[in-house]
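Right, one structure below, let's go through it.
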Protein chains: 2
Amino acid sequence: MSKAATTRLMILQKAFELIYANGYQATSIDDIITNTAVTKGAFFYHFPNKDEMGLAMINEVMYPGMHAAMVLPLINATNPILEIYKMMKGLLIENPHFIVKYGCPAINLIEEMSPLNSTFNKALSKLANQWQEAIELTIRNGKAAGKVRKDVNATQTAFFIMSGYGGIRNLGKLYGKDCYGVYLKELKRYLASLQ
Amino acid sequence: MSKAATTRLMILQKAFELIYANGYQATSIDDIITNTAVTKGAFFYHFPNKDEMGLAMINEVMYPGMHAAMVLPLINATNPILEIYKMMKGLLIENPHFIVKYGCPAINLIEEMSPLNSTFNKALSKLANQWQEAIELTIRNGKAAGKVRKDVNATQTAFFIMSGYGGIRNLGKLYGKDCYGVYLKELKRYLASLQ
DNA sequence: GACATAAAATACTAATTGGTATGTGATGGC
DNA sequence: GCCATCACATACCAATTAGTATTTTATGTC
């Protein structure tokens, strides 16, 4: 990787880190550059403004991360109920990149920025769509394989599962990680009811 | 109400309005006073700083509102499954104070502030606890009355329902109100599975 | 090694931020 | 009618914000 590309990536990764912990608007460009070996000149050489950096961060840092944690575990699922549960448990309990009190980076950014900036909204919708489609497909395949009841609505179920995730990330900020376990137990019950 | 009390309430209500739409940190004191007939002197006469105003807003504006919309509908519930569903539908569809793209004021504030400020965290936890207890009690009563299966865990179920709410408010910001209907359909299915 | 351009460093700016210092008119108790 | 204190109003301040203008240093190509 060229030195310039390294600088650019350093900016995006540190921005992600700070924005994850403090929010997008509360993270200043000065915050980012004082936490890296990057100067303001370099920042504005690589990005025309803060929002363009934010979009690059969504597409180049968050998208790959969410794909690995949320979509890949579902690909080629043979037992959809189990696979969806494992994906969720992996996300909530086993993923070392997430800190309970800071929630989920994607949920945080949706919460903060999607009402304020339609370009952010679009970029974040793409993330959510990928996940929704992966869950939906898993359920449809499960129905075809006879592992999920025929009267289950895949779209409805996907939205319901995604909602649970966003909400428990929110509650986790209030109560800490204990509520993740409580949630997962009931998720298991719910998923079983689809069989 | 005395004139001073009116001024104070005006500040809190306008602050709530602006913070609901733009977030706590993105709403400046100047924003609040230019949108009211209140000066900076009056603001800092009534509140020592911005955070104290924020806490007063949680306790004096948000708490009563959330109690009316989230707790009251469950009190004296005779059919818990139906009552919980109606409470949720009332919140998502019928409540005229909420704007889909801005989500839920309480969820927003939890998202933004609970990781950054432990005093906010505490105040917001009280809100969440009230709701949790109301849902839990409804389910326990339902079990006692034979309207909810004995093997249902009230705490788990309450967390699961609360999570769904927080998450669908998040998705609503992305997708608009259509997803509320999709969510409610699956919530109905889930609630039925408790019977 | 000359040269063009890419990449970055430095110094600045206007606007906005939360908060303060100080002044002033109204209000209520005596 | 005096006086204290309440309830504001006005003018300010230092720090921080996103962004710009200008200069300097690397880097690849011939």
Side-chain angles (χ1 to χ4, degrees), chain A residues 1-58 60 108-109 112-113 115-120 123, chain B residues 1-58 60 108-109 112-113 115-120 123:
Chain A
M1 185 156 47
S2 77
K3 207 182 155 219
T6 309
T7 303
R8 185 189 148 92
L9 197 63
M10 247 170 62
I11 293 170
L12 291 179
Q13 280 173 344
K14 182 57 75 177
F16 171 77
E17 205 179 291
L18 292 171
I19 289 167
Y20 175 41
N22 302 304
Y24 177 80
Q25 294 172 101
T27 301
S28 71
I29 295 169
D30 284 357
D31 284 339
I32 296 168
I33 64 175
T34 55
N35 280 284
T36 51
V38 169
T39 60
K40 193 162 269 196
F43 183 98
F44 281 97
Y45 174 77
H46 285 285
F47 307 101
N49 52 52
K50 190 187 175 187
D51 280 3
E52 287 298 323
M53 184 280 298
L55 289 169
M57 181 197 73
I58 294 174
E60 296 168 41
N108 293 356
L109 212 52
E112 181 184 4
M113 295 307 294
L116 303 179
N117 184 316
S118 64
T119 318
F120 274 62
Chain B
M1 185 157 44
S2 76
K3 209 185 155 219
T6 309
T7 304
R8 185 189 146 92
L9 197 63
M10 247 170 61
I11 293 171
L12 291 178
Q13 279 172 345
K14 182 57 76 177
F16 171 76
E17 205 178 292
L18 292 171
I19 289 168
Y20 175 40
N22 302 304
Y24 178 79
Q25 294 172 101
T27 300
S28 70
I29 297 169
D30 284 356
D31 284 340
I32 295 168
I33 63 176
T34 55
N35 280 284
T36 51
V38 170
T39 61
K40 193 163 270 195
F43 183 98
F44 280 97
Y45 174 77
H46 285 284
F47 307 100
N49 52 51
K50 190 187 174 186
D51 280 4
E52 287 298 323
M53 184 281 298
L55 289 169
M57 180 197 74
I58 294 174
E60 297 169 40
N108 293 356
L109 212 52
E112 180 185 3
M113 295 307 294
L116 302 180
N117 184 315
S118 64
T119 318
F120 274 63

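Letters A, B, ... are given to chains in the order of the sequence lines, protein chains preceding strands, and every chain is numbered from 1.
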For atom [atom1] of [X] and atom [atom2] of [N], their distance in whole Å:
X	N	atom1	atom2	value
Phe47(A)	dG19(D)	CZ	C1'	15 Å
Ile32(B)	dT17(C)	CD1	P	11 Å
Asp30(B)	dG18(C)	CG	C1'	8 Å
Lys40(A)	dT17(D)	NZ	C1'	7 Å
Asn22(B)	dT16(C)	CG	P	15 Å
Ile11(B)	dG19(C)	CD1	P	14 Å
Ile29(B)	dC12(D)	CD1	P	20 Å
Met10(A)	dA8(C)	CE	C1'	12 Å

(message) Distance check, rounded to the nearest 0.5 Å: Glu17(A) atom CD versus Asn22(A) atom CG?
(response)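 Answer rounded to 0.5 Å: 10.5 Å.
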
Verify the contact: side-chain N or O of [X] to OP1 or OP2 of [N], cut-off strictly under 4.0 Å; return yes or no.
X	N	result
Ser28(B)	dT16(C)	no
His46(B)	dC6(D)	no
Thr7(A)	dA7(C)	no

Which of the following nucleotides, [options], is nearest to the side chain of [X]?
X	options	result
Lys50(A)	dT17(D), dC8(D), dG19(D)	dG19(D)
Phe44(B)	dG19(D), dA9(C), dG19(C)	dG19(C)
Thr39(B)	dA7(D), dA9(D), dT20(C)	dA9(D)
Tyr45(B)	dG18(C), dC8(D), dG19(D)	dC8(D)

(message) Regarding Glu112(A) and Gln25(A), do their side chains bring together a donor and an acceptor under 3.5 Å, going by distance alone?
(response)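 Yes, because at least one side-chain N or O of Glu112(A) sits under 3.5 Å from a partner of the opposite role on Gln25(A).
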
(message) Side chains of His46(A) and Val38(A), heavy atoms from C-beta outward: is any pair under 4.5 Å?
(response)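 No; the side chains remain at least 4.5 Å from each other.
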
(message) If we ignore hydrogens and angles and just use 3.5 Å, is the side chain of Lys50(B) paired with the main-chain N or O of Tyr24(B) as donor and acceptor?
(response)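 Yes, because the side chain of Lys50(B) sits within donor-acceptor range (under 3.5 Å) of the backbone of Tyr24(B).
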
(request) Give the ring-plane orientation class for Phe43(B) versus Phe47(B), where under 30° counts as parallel, over 60° as perpendicular and anything between as tilted. (result)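 Aromatic pair Phe43(B)/Phe47(B) classed tilted.
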
